[in-house]
Amino acid sequence: MRRTFHRTFTSRRLGLILAALALFAVAPAFAGDPPAPGRASAPLPAWEQLSQAQREQLIAPMRDRWNNSPDERQRMFEHARRWQQMTPDERQNARRGMKRWEHMSPEDRGQMRALYAKMHGLDDEGRRALMAKWRGMSPEQRRAWVQANPAPPKPDRPHPPRD
């Protein structure tokens with residue numbers, strides 16, 4: 001049960017990274033003039049109260065990605081489905097993970113990919129042991145470990161065009 005949860009949660013994290021990227025793409029659409037100093041901005045209304053133009057502003061980037069990337073549609077659909085099935089706490093954890101990932105250096109990301117790939121094939125006890133070992137390693141030892149245990153190559157997936 002725990003292993004299934006870990007795999008599902010880890011898969012969700014990966015999906016959330018991509019979902020967040022889609023959300024970041026639409027953020028500029030809402031980045032109008034900042035509110036006047038000392039004046040709080042009004043909260044945005046629920047979807048049903050948005051105008052058609054506001055709704056269009058939100059979904060246009062996603063529609064463009066969907067139309068421009070037919071080979072990625074199944075993956076995009078699965079990520080959206082998994083996001084909808086997550087609890088609010090799981091979504092919050094995923095957002096925190098995405099923020100941490102964004103702020104990692106390319107070397108740290110490579111180390112995390114290698115660590116994830118190694119942990120993916122381990123049972124719970126093996127994962128705990130590897131994490132304890134990892135936390136005790138110096139940066140030089142971690143680099144050596146990654147060289148001895150490289151992450152599998154990233155799949156060549158075309159990235160949808162960003163506007």
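Start at 1 with the first residue, then count along the sequence.
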Less than 4.5 Å apart, side chain to side chain, heavy atoms only: is that true for E90 and N93? no
**Asked** Is any side-chain heavy atom of Q84 less than 4.5 Å from a side-chain heavy atom of R91?
**Response** yes
* Asked: Are the side chain of R113 and the backbone of A151 linked by a donor-acceptor contact shorter than 3.5 Å?
  -> no
To the nearest 0.5 Å, atom CZ of R81 lies from atom CE of M86 at 12.0 Å
Exercise. Taking S138 for its side chain and Q141 for its backbone only, find out whether a donor-acceptor pair lies under 3.5 Å.
Key: yes
Closest non-hydrogen contact found for Q54 with S51 is OE1-N, 2.8 Å
Residue set satisfying salt bridge (charged side-chain N to carboxylate O under 4.0 Å, His left out) with R55, at least two apart, ordered chain then number -> none
In this structure, CG of D64 is separated from CE of M62 (nearest 0.5 Å) by 10.0 Å
Those residues at least two apart in sequence (or on a different chain) that pass side chain to side chain contact (heavy atoms under 4.5 Å, CB included) with P45 are Q49, L50
Between the CZ atom in R109 and the CE atom in M112, the distance rounded to the nearest 0.5 Å is 12.0 Å
For W66 and R73 the tightest heavy-atom approach is O-NE, 2.8 Å
All heavy atoms of R127 vs all of L122, minimum pair found to be NH2-O, 2.9 Å
Check step by step if side-chain contact (heavy atoms from CB on, under 4.5 Å) holds for L130 and L115.
CA-CA 9 Å; L130 179 56; L115 186 61; 3.8 Å; yes
Across all chains, not counting sequence neighbours, the side chain to side chain donor-acceptor pair (under 3.5 Å) partners of Q74 are E78
Legend entry - Test item: E72 side-chain N/O and S69 main-chain N/O as donor-acceptor pair under 3.5 Å: no
The complete set of salt bridge (Lys or Arg N to Asp or Glu O under 4.0 Å) pairs with one or both residues in residues 141-150, sequence neighbours excluded, reads E107-R143
W134 meets the ring-ring contact (aromatic ring centres under 6.0 Å, His included) criterion, sequence neighbours left out, with W145
Next item on the list: Could you tell me whether the side chain of H79 reaches within less than 4.5 Å of the side chain of R75, counting heavy atoms only?
Entry: yes
Sorted by chain and number, sequence neighbours left out, salt bridge (charged side-chain N to carboxylate O under 4.0 Å, His left out) with E125 holds for R128
Taking D108 for the side chain and M104 for the main chain, is one N or O donor matched with an acceptor at less than 3.5 Å? no
